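Read the structure below first, then the notes.
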Protein chains: 2
Amino acid sequence: MILIMLQLRDLPTQEVLQRFAERYPAADVTAIASFLMLLRVGTDLSLALDACLTKHDLLQGRWWVLILLMREQDLTCVPSVLAEKIGVTRATMTGLLDGLEQGGLVQRISAPQDRRSVQVKLTAAGQAKLDAVMPDYYTRLRLCMQGLSENQRSDLQTILGVIDQGMSAWDFNQ
Amino acid sequence: MILIMLQLRDLPTQEVLQRFAERYPAADVTAIASFLMLLRVGTDLSLALDACLTKHDLLQGRWWVLILLMREQDLTCVPSVLAEKIGVTRATMTGLLDGLEQGGLVQRISAPQDRRSVQVKLTAAGQAKLDAVMPDYYTRLRLCMQGLSENQRSDLQTILGVIDQGMSAWDFNQ
DNA sequence: TCATTATAGTTAGCTTCCTAATTATGTCAA
DNA sequence: TTGACATAATTAGGAAGCTAACTATAATGA
């Protein structure tokens, strides 16, 4: 499953929110304002990340694959697991791996024990690519977050956790 | 500009983060953890929203157009402004408006004073569609956020504001 | 045993975004 | 006034995701 998130350049004024709340009694003004802000900052962050990756000739999908492979002890994983962890379909993963393999960043190795399956391995070139990208990426991320105290970072994670919990309620009733 | 955000089902363990931080000294572990969590909750929220809209035969892009039109006093706006506010190209807006007009939810009216331009107006059917969707949407949103105190909501907005500020620093150096 | 069902990965065709080029109209200055 | 440039919207073609169908292989059970 993939998400296409628009940029939401234009957050509603307090007045507009109030007007909507009058028409729709179900509206919870502070919930809506927080939600929209969250959506906007999330997209802005992801866009900024994309810009960084583009500089290194990478797209977000392919980059996540490299990261996931690097997380593994043996730098190896199967496509279906990669797909699930990134949250794309297996069909999409086939395309991502095609691109990465063409660039020499990963290698498909047929699995002897189950001939339906394939092992995907991060190559030396793939590791080198990460070694080029990650310091840049982490430096930029540090800049974004440098205004936050450790307490605020911890608060943010707590709050996001609560929202994540609240979403189960959403799923139940849908 | 549009953002394609993957789902990130799999956040790194503390141990993996530590391993990355050793290889890449630029890494700021709490910044990364907060960032990934933010990305994940943002995408999950947006996905849940999409599911709600889909029930009402709407896509996120088209829905935002309806919202923006409803925000206007005269329920009217021009395509270029809509495009900028949602953060899509004018070409994309053309497609969104085509779909909405075909469904009778908006109406294109040629502008007399500048014949290059077009006025887009929310129709009665468009307003009716919003009146059907918004109570559902707001109710779900309330569920997601119900676990947050007013203080936490305000904290969240403050924190997101700081991150947004920090991103200017990112842009400067890119 | 072998037919059925399940699973891994891929392929084919669709959607909706994008960029770049195009058409029509407006603006401005020589 | 008219040529150059700017602007509004659209069209054409491309990218990267999706679903559904397909191929090959494995597992299961009558």
Side-chain angles (χ1 to χ4, degrees), chain A residues 1-9 43 46-47 49-51 53-54 57-65 76-103 106-121, chain B residues 1-9 43 46-47 49-51 53-54 57-65 76-103 106-121:
Chain A
M1 183 64 84
I2 201 194
L3 167 68
I4 298 188
M5 217 171 177
L6 303 172
Q7 243 197 98
L8 272 197
R9 278 261 149 272
T43 51
S46 195
L47 274 177
L49 166 59
D50 273 348
L53 294 180
T54 299
D57 284 318
L58 270 180
L59 297 169
Q60 205 175 131
R62 293 181 186 176
W63 179 72
W64 282 119
V65 173
T76 297
C77 195
V78 295
S80 50
V81 172
L82 290 172
E84 197 188 351
K85 285 186 175 174
I86 299 188
V88 299
T89 62
R90 293 179 182 188
T92 298
M93 184 51 61
T94 296
L96 291 175
L97 294 176
D98 284 349
L100 286 167
E101 194 170 33
Q102 209 151 20
V106 307
Q107 189 182 2
R108 279 188 177 98
I109 303 170
S110 56
Q113 76 285 5
D114 183 341
R115 292 196 299 164
R116 291 170 303 181
S117 188
V118 170
Q119 292 285 326
V120 179
K121 179 157 192 177
Chain B
M1 183 64 84
I2 201 192
L3 167 67
I4 297 187
M5 216 171 177
L6 304 172
Q7 244 197 98
L8 272 197
R9 279 260 151 272
T43 51
S46 196
L47 274 178
L49 166 59
D50 272 349
L53 294 179
T54 299
D57 284 319
L58 270 179
L59 297 170
Q60 203 174 132
R62 293 181 186 174
W63 179 72
W64 282 119
V65 172
T76 296
C77 195
V78 296
S80 50
V81 172
L82 290 172
E84 197 188 350
K85 285 187 174 174
I86 300 189
V88 299
T89 62
R90 293 180 183 190
T92 299
M93 184 52 60
T94 297
L96 291 176
L97 293 176
D98 284 349
L100 286 168
E101 194 171 34
Q102 210 150 21
V106 308
Q107 188 182 1
R108 280 187 176 98
I109 303 169
S110 57
Q113 74 286 4
D114 183 342
R115 292 195 299 163
R116 292 170 303 182
S117 188
V118 170
Q119 294 285 326
V120 179
K121 180 158 191 177

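Lettering of chains follows the sequences in order, A, B, ..., and the numbering in each one begins at 1. Remember, it's a predicted structure, so these values are computed and weren't measured experimentally. All values below come from the heavy atoms of this structure, side chains included, with hydrogens, waters and symmetry mates left out.
If you take CD of B:Glu84 and P of D:dA8, they are 10 Å apart, rounded to a whole angstrom. Straight-line distance from the CG atom of A:Leu53 to the C1' atom of D:dA16: 15 Å, rounded to whole Å. Between the CD atom of A:Glu101 and the P atom of C:dG9 there is a distance of 13 Å, rounded to whole Å. Put simply, CG on A:Leu82 is 14 Å from P on D:dG17, counting in whole angstrom units. One can place CG of A:Leu59 at 11 Å from P of D:dA15, the figure rounded to the nearest angstrom. Remark: C1' of C:dT10 and CD of A:Gln102 are 16 Å apart, rounded to the nearest angstrom. Distance B:Arg62 CZ to C:dT15 P: 11 Å, rounded to the nearest Å. Note: CG (A:Asp50) to C1' (C:dC17) measures 13 Å, nearest angstrom.
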Given protein heavy atoms under 4.0 Å, the one-letter contact record of nucleotides 9-14 of chain D, with B base, S sugar-phosphate only and - none, is simply SBB---
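A search for side-chain contact (heavy atoms from CB on, under 4.5 Å) contacts involving B:Ala91 returns B:Thr89, not counting sequence neighbours. By the salt bridge (charged side-chain N to carboxylate O under 4.0 Å, His left out) test, A:Asp114 pairs with A:Arg116, sequence neighbours left out. Qualifying side-chain contact (heavy atoms from CB on, under 4.5 Å) partners for A:Arg108, counting only residues two or more places apart in sequence or in other chains: A:Thr94, A:Leu97, A:Asp98, A:Glu101, A:Val118. Partners of A:Leu59 according to the side-chain contact (heavy atoms from CB on, under 4.5 Å) rule, which considers only residues two or more places apart in sequence or in another chain, do not exist here.
Note on residues 87-96 of chain A: no pairs pass salt bridge (Lys or Arg N to Asp or Glu O under 4.0 Å), not counting sequence neighbours.
Inter-residue side-chain proximity for A:Arg62 and A:Leu53 is flagged as unmet; no heavy-atom pair is nearer than 4.5 Å.
Of the candidates D:dC18, C:dG26, D:dA26, D:dA26 carries the atom nearest the A:Asp114 side chain, counting heavy atoms from C-beta on.
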